[in-house]
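What follows is a short report on a single structure.
We name chains A, B, ... by the order of the sequence lines, and we start the count at 1 in each one.
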2 protein chains.
Amino acid sequence: MDVHGRDLRYFAAVAEELNFTRAAERLFVSQPALSKQIRMLEKQVGADLFHRDRRAVRLTVVGKALLPHARGMLAAWEAAEAAVEEAKAAELHTLVIGMSTSPGRGLLPALRTRLVSRHPHARPVLRQVNWADPSAGLADGSSDVAFVWLPLPDGDRYRYAVVAQEPRLVALPQGHPLAARAAADSEGAVDFTDLLDEPFLALPSEAGPLRDYWLALDARDDRAPRIGGVVGSAEETHEAVANGQGVALLATGNASLVVRDEVIAVPVRGISPSHLAVAARRDDERPLVVAYLAAAAMVAAGTARTEPPP
Amino acid sequence: MDVHGRDLRYFAAVAEELNFTRAAERLFVSQPALSKQIRMLEKQVGADLFHRDRRAVRLTVVGKALLPHARGMLAAWEAAEAAVEEAKAAELHTLVIGMSTSPGRGLLPALRTRLVSRHPHARPVLRQVNWADPSAGLADGSSDVAFVWLPLPDGDRYRYAVVAQEPRLVALPQGHPLAARAAADSEGAVDFTDLLDEPFLALPSEAGPLRDYWLALDARDDRAPRIGGVVGSAEETHEAVANGQGVALLATGNASLVVRDEVIAVPVRGISPSHLAVAARRDDERPLVVAYLAAAAMVAAGTARTEPPP
DNA sequence: CTGTTGTGATAGCCATGAGTTATGGATGTC
DNA sequence: GACATCCATAACTCATGGCTATCACAACAG
């Protein structure tokens, strides 16, 4: 049914040498082993491939018919191996960068520049990941590095560099009573205590601690939040806020993704700022990953005061 | 280094099903066997071919690179098998007809007609064989059937049908004294006793009994012939006779191959006639061979009185 | 004619390969 | 929470592919 590539290689060698002993030497096997394998191939094919007259070995008609195909298949396998090697090399130079929403803030070009300056072959690839996965693809291996919001669930499985620390805002429908209050405020802000009874849009439950963080559970003194809905993307969030399903906290740098049409965002007093980090799996020491995290640390040091994560 | 075709088949099946259990069923192997083989292939290739997430099996980048090559090789092997089958079929229908010199006498067309009437797929192939081999290729298998002169060395290895019995002539240079004597003879012939002291052209020594036969040893009463030279073809014979190296016996039906320019042929009294037969290896019972010998027997019965060989 | 050389086939042995069944562990479903 | 699905692992069996040693035969040298 199937052939072993080896048998074809043996066959081709004997067909070239027309001498089992020499072919065996060329193939680095013993002559009996070669004889046996050729016999097996002949049995499999159902016809002799060589005439073994006492004085000479010659191809049979069937052997002549098979030879070009055998050579073709050997060449095809070499091509396949080459293709595999190329794919492996390409993979080696590819860095998949996961993110929930675009990190913005000029981070991607900055990091990209630093990465390729150290690794000219590097090919960074951006990958959008559903909000249900707070590790942005690190957990299931679909990303090599990722922009994540702290705190990260299973934090000890990852290492990271914080690249941005920003106050959190609240997104409100334009006509919401608190919108007017903020407008009247000297800082244009609202107190988180004023939001305690508002329905909140939450991340999917799989997000774990991160969901709690964006509900600001730590600022609620164990009073359970009202959940107005679950959202999985910036678009959904915009829609839900606009429809009055609830309000949502968001990082300053992400405001532009949600604020438009009927939705505004105002600063919130009384909650901690958000921390955006570039993370990788702790045990992942591949050069590109290491280099990207190093670049992130450099960029963070250059643009913002690095502060300890919460 | 080499792949086993089976592994490629397994790989392609899993790549199609994206499910080891179902692929294993389709391949009629157990699921663990399939898992193991794929692992082996991955080890050989040096990279994973499938992502096995808990919930799903997907091709890796390397797997995607390999898949088309794998399919190509599987197709190539099918083509190779088809080519082999075709060659086997062609061989089955090919009949190699060996001969020292053209048998003439209208035998070839007659036999061919009878053969193809019984075996429409039959493809008779003519093959000229050196005179050194009196079996005309039967001995070394290079012919399936052959036109031979009796007696045949190793006669018990073959079976045959006599297709022609003819007086033997002697080829002489035109100016030879015996040429004049023959011209003066009432029958235009010479007595073999007149030839006893002539130098004779002989077949190569490998021809064995046949060489003796064409030297007419049986008609010499143990007086050794003078050998004027060794000849291996009609052309050589003509040259040697014309140059006066010696004279040569030949069958009536073959006279035209030697007689021209300075060479004539005249009947010889006192020697047995020659017997031309169609022969095959005794144990060769392939339909085409059997049919050709049967055809020869029919033709012989139709044209000449069949007489027992000498 | 005899010993030597070259070549392929055969025999006997052993490690590995490729298959089996039984079972484990993780995930998703009712 | 019991059950089904699905891939991996373990332990075993038997065929396969390799080895060495040897034979059989032809060609050739002395």
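- Using a 4.5 Å heavy-atom threshold, the side chains of A:Glu236 and A:Gln245 count as separate.
- If you take CG of B:Leu18 and P of D:dC6, they are 13 Å apart, rounded to a whole angstrom.
- Using a 3.5 Å distance cut-off with no hydrogens or angles, the side chains of B:Glu25 and B:Thr21 do not pair a donor with an acceptor.
- Contact of the A:Arg9 side chain with the A:Gln37 side chain is not registered, since no non-hydrogen atoms from C-beta on lie closer than 4.5 Å.
- Between A:Arg226 and A:Phe200, every side-chain heavy-atom pair lies at or beyond the 4.5 Å cut-off.
- For A:Phe20 and D:dC25, the CZ to P distance is 18 Å, given to the nearest whole Å.
- Here B:Asn19 does not reach the OP1 or OP2 of D:dT5: none of its side-chain N or O atoms lies under 4.0 Å away.
- You'll find the side chain of B:Arg211 reaches within 4.5 Å of the side chain of B:Ile227, heavy atoms only.
- Following rounding to the nearest Å, B:Glu25 (CD) and D:dT5 (P) show an atom-to-atom distance of 11 Å.
- Here D:dC6 presents its C1' atom at 10 Å from CZ of B:Arg22, a figure rounded to the nearest Å.
- A heavy-atom distance below 4.0 Å to DNA chain D is reached by these residues of residues 41-52 of chain B, ordered by number: B:Arg52.
- Proximity of A:Tyr10 to B:Asp2: side-chain heavy atoms (C-beta onward) are nowhere separated by under 4.5 Å.
- Side-chain contact check for B:Leu276 versus B:Trp149: some heavy-atom pair is nearer than 4.5 Å.
- In this structure, A:Ser35 reaches the C:dA9 phosphate: one of its side-chain N or O atoms is under 4.0 Å from OP1 or OP2.
- When the P atom of D:dC7 is taken as reference, atom CZ of B:Arg39 falls 11 Å away, rounded to whole Å.
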Distances under 3.5 Å between nitrogen or oxygen atoms of protein and nucleotides 15-19 of chain D:
unit_1 : atom_1 : unit_2  : atom_2 : d
D:dG17 : OP1    : A:Arg6  : NH2    : 3.3
D:dG18 : OP1    : A:Tyr10 : OH     : 3.0
D:dG18 : N7     : A:Lys36 : NZ     : 3.4
D:dG18 : O6     : A:Lys36 : NZ     : 2.8
D:dC19 : OP1    : A:Ser30 : N      : 3.4
D:dC19 : OP2    : A:Ser30 : N      : 2.8
D:dC19 : OP2    : A:Ser30 : OG     : 2.6

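- Electrostatic pairing of B:Lys88 and B:Glu91 does not count as a salt bridge here, judged by no charged N lying under 4.0 Å from a carboxylate O.
- In this structure the side chain of B:Gln128 reaches within 4.5 angstrom of the side chain of B:Met99, judged on heavy atoms.
- Here B:Thr21 does not reach the OP1 or OP2 of D:dT5: none of its side-chain N or O atoms lies under 4.0 Å away.
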